[in-house]
S.K.: 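Handing you a structure now.
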Protein chains: 2
Amino acid sequence: MTERTMGPRPTLESVAARAGVSRATASRVVNGGAGVRGALVDKVRRAVEELGYIPNHAARTLVTRRTGAIAVIIGEPEFRVFSDPFFEQQVRGISRELTAQDAQLVLLWAEGPDDHTRIARYLGGGHVDGALAFSLHNDGALTAAIGRSGVPAVFGGRPDGPEAAGADVPYVDCDNRGGAREAVHHLVSIGRRRIAHIAGPRDQTSALDRLAGFHDVLPHADPEVVSQGDFTTESGARAMVELLARRPDLDAVFAANDLMAVGALRTLRERGLAVPGDVAVVGFDDMPSVAELADPPLTTVRQDIEGMGRLMVRLLMGILNHDKEAGQEGGAPVSVITPTALVRRASA
Amino acid sequence: MTERTMGPRPTLESVAARAGVSRATASRVVNGGAGVRGALVDKVRRAVEELGYIPNHAARTLVTRRTGAIAVIIGEPEFRVFSDPFFEQQVRGISRELTAQDAQLVLLWAEGPDDHTRIARYLGGGHVDGALAFSLHNDGALTAAIGRSGVPAVFGGRPDGPEAAGADVPYVDCDNRGGAREAVHHLVSIGRRRIAHIAGPRDQTSALDRLAGFHDVLPHADPEVVSQGDFTTESGARAMVELLARRPDLDAVFAANDLMAVGALRTLRERGLAVPGDVAVVGFDDMPSVAELADPPLTTVRQDIEGMGRLMVRLLMGILNHDKEAGQEGGAPVSVITPTALVRRASA
DNA sequence: ATGAAAGCGCTAACAC
DNA sequence: GTGTTAGCGCTTTCAT
């Protein structure tokens, strides 16, 4: 490696000197070179190359008031947030889009209430330009802390709770309600009439919205046909047992996510019921290694999780640029609801 | 919320003014207050409180040349890095220790070769004080890029490949070889004599070291008794089939990780062989939701994964502080090998 | 113990 | 187009 005995790191000053221009011109070139004669642009570029110049981030931030970094805040009401494939996909989408926009991802892991103030301070400290957070349950305090910090933020999933009530925070979520409607419609369209629902946690908006979609199509459904789960496979199996006890004659079930649908499949198999022959099953999410590998493969509602992650970034960037230009609060923040699509496989 | 119509954010200047001291004194107080009269300390503290002053990070970094941020670099030769529970635990340990040290975690996700230069540039750009990376396979280029950047780095797992050869990079790893020895010793001590090994990928040092440990205890083992796996449950099951074909009389098997041990358990069960009656099985890792829940529960070698994550941070911080004081390269970087412990359960 | 002042590296008016 | 200049907010000698 031909590494010149690197003294102190080269500064814009040294680049300018070497190129025989002023610091201002050097700066212009480094930042795109608009309004600088081609000859000089070349000269400066060469100097940058030869010196191995890399702009000093702190100095730049100090004057521009932009850090180029975005915080991704992970609350952890549950164990295993990261192992969750849903989550991983979303963070991956975020990471990719951030990279594409040349921004950095600062990971903030909130493990408990003590961390809320720490995070609020951090956000308030101007370390990042904006924040991305997720609407998990029990995170009212975190949501509030983020709001208080004054840093623009976008949520993944529709926020809930009193803190979010009038707040009108921008978020990205899939059309949970519409997707659920489509799922139930599908069951109706293939002739099912005694349709049950395995609902997700009552403190997660996605679960509530899916339940609402179910009721949109079946407004007169008996409360007995909806059983409560918690998004785990186990709970799905248990809920299916309950439903079967209450309604032995049911001919279809819509589970609020794939994992619970797989649990239901298990119970059904144990009882010797054929799917979809006796009971048709529809899930939600279209989790890669879940829906496709289920037995039988799961008909489910797909959502573009990675895309939602990317969208969160774009939305945030939009808000940041808007803020910059419009000075004060521009138009109300606009949330994005992404479409879902029914994926037909063998289970319904 | 009593929020004064916040104009521009308060600066040290305004704090000093309000406290009736100089900026220098205010700065001293903000940074611990050493060598400042108690009365003044109080005054300044109060001003900070009243104004809601938060130090400007960029300005501070500009003069101190310290960012207070550490990069965590995630290479991704495989799909599903983050879903890996091993990985999650380690990152969690890192995150916790970083928080404890009041440092920030900047996540760098390297998805392909194109990202190497991007990452090298980022590291070289002085955005972070140091970096943490992992020794996955096929990451020679990444490792090299990190090295070239000149930023102090600590690896998780013993690095491999030509790039790491003479480089002598600091790393944190568990005593894979010693742990493997202990596992095999245990099998010997309970009277097993025909012991086989299911090895992990040949391009991962952890797998190689475990294999070496196996040979330490059984130097004359026939090559036939070691079968190749890739750390997945599936591969463990297949490897067990092979071993059984080659050595129908084997009475014990040491798998290089828990997942493969579980696979072996499955094959054994299918063949109607009792564990540990006919064949004793030992794994490696003591993965929470794997070893304990296996049937029968797995005897395995435990390593403190989260602790290793924390150690990576401490080691890095040690290097950073050392660099700062000693000016130039201090003593050679010292890696840490953490101890393992055999956990006896039912399988051996 | 405290203050005055220099300067970290950069961008952005503003002049030319 | 290009250069000059004034800070951004902070830490840190260096006097006092």
Side-chain angles (χ1 to χ4, degrees), chain A residues 6-45 47-48 51-69 124-127 129 324-325 327, chain B residues 6-45 47-48 51-69 121 124-129 324-325 327:
Chain A
M6 54 176 178
R9 263 179 50 182
T11 69
L12 237 205
E13 184 74 50
S14 51
V15 170
R18 180 165 193 119
V21 300
S22 75
R23 214 166 58 221
T25 295
S27 174
R28 288 181 188 112
V29 173
V30 168
N31 292 292
V36 179
R37 266 197 349 237
L40 287 193
V41 171
D42 286 351
K43 264 190 181 169
V44 174
R45 291 251 164 84
V48 165
L51 259 32
Y53 169 76
I54 302 180
N56 179 308
H57 186 242
R60 188 176 266 178
T61 296
L62 185 54
V63 35
T64 61
R65 275 126 202 306
R66 277 262 187 159
T67 65
H127 294 72
D129 299 332
K324 191 178 58 179
E325 288 154 19
Chain B
M6 54 175 178
R9 263 180 51 183
T11 69
L12 237 206
E13 184 72 53
S14 51
V15 170
R18 182 168 192 118
V21 301
S22 73
R23 215 165 61 222
T25 297
S27 173
R28 289 181 187 113
V29 173
V30 169
N31 292 293
V36 179
R37 263 194 353 232
L40 286 194
V41 171
D42 286 351
K43 264 190 182 170
V44 174
R45 291 250 162 84
V48 165
L51 259 31
Y53 169 76
I54 302 180
N56 179 308
H57 186 241
R60 188 175 267 179
T61 295
L62 185 55
V63 36
T64 61
R65 273 120 205 305
R66 276 264 188 159
T67 66
R121 272 193 73 80
H127 294 72
V128 296
D129 299 332
K324 191 178 59 181
E325 288 153 19

S.K.: Looking only at heavy atoms, what is the nearest atom pair of A:Ala58 and B:Thr61, with distance?
M.R.: CB-CG2, 3.6 Å

S.K.: Quantify the bending of the helix from C:dA1-D:dT16 to C:dC16-D:dG1 as the angle between its end axes, each fitted on five pairs, to 10°.
M.R.: 30°

S.K.: Answer yes or no: is there a side-chain heavy-atom contact under 4.5 Å between B:Leu62 and A:Asn56?
M.R.: yes

S.K.: Would you grab the first and last nucleotide of DNA chain D (5' to 3') that comes under 4.0 Å of any non-hydrogen atom in chain B?
M.R.: D:dG9 to D:dT13

S.K.: On DNA chain C, which is the earliest and which the latest nucleotide, 5' to 3', with an atom closer than 4.0 Å to a heavy atom of chain A?
M.R.: C:dG9 to C:dA13

S.K.: What pairs with A:Thr67 under side chain to side chain donor-acceptor pair (under 3.5 Å), at least two apart in sequence or on another chain?
M.R.: A:Asp129

S.K.: With sequence neighbours excluded, tell me which residues meet side chain to side chain contact (heavy atoms under 4.5 Å, CB included) with A:Ala19.
M.R.: A:Val21, A:Lys43, A:Val44, A:Ala47

S.K.: Restricting to non-hydrogen atoms, name the atom on B:Val30 and the atom on B:Pro55 that form the minimum distance, rounded to 0.1 Å.
M.R.: CG1-CG, 4.1 Å

S.K.: Of all the heavy-atom pairs spanning B:Tyr53 and B:Thr11, show the shortest one and how long it is.
M.R.: CE1-C, 3.5 Å

S.K.: Would you compute the distance between atom OG of A:Ser27 and atom CD of A:Glu13 and round it to the nearest 0.5 angstrom?
M.R.: 12.0 Å

S.K.: Which is more 5' along DNA chain C, the nucleotide nearest A:His57 or the one nearest B:Arg37? Just name the residue.
M.R.: B:Arg37

S.K.: List for me each residue that meets salt bridge (Lys or Arg N to Asp or Glu O under 4.0 Å) alongside A:Arg28, sequence neighbours excluded, and say none if there are none.
M.R.: none

S.K.: B:Arg60: what forms a salt bridge (Lys or Arg N to Asp or Glu O under 4.0 Å) with it, not counting sequence neighbours?
M.R.: none

S.K.: Which of residues 28-36 of chain A sit near DNA chain C, with a heavy atom under 4.0 Å from it?
M.R.: A:Arg28, A:Asn31

S.K.: Look only at the side chain of B:Arg121 and the backbone of A:Ile54, and say whether a donor-acceptor pair between them is shorter than 3.5 Å.
M.R.: no

S.K.: Which of residues 14-26 of chain A sit near DNA chain D, with a heavy atom under 4.0 Å from it?
M.R.: A:Val21, A:Ser22, A:Arg23, A:Ala24, A:Thr25

S.K.: What are the two closest heavy atoms between A:Leu12 and A:Arg23, and how far apart are they?
M.R.: CD1-O, 3.8 Å

S.K.: A:Val41: which residues meet the side chain to side chain contact (heavy atoms under 4.5 Å, CB included) condition with it, sequence neighbours left out?
M.R.: A:Val29, A:Val36, A:Arg45

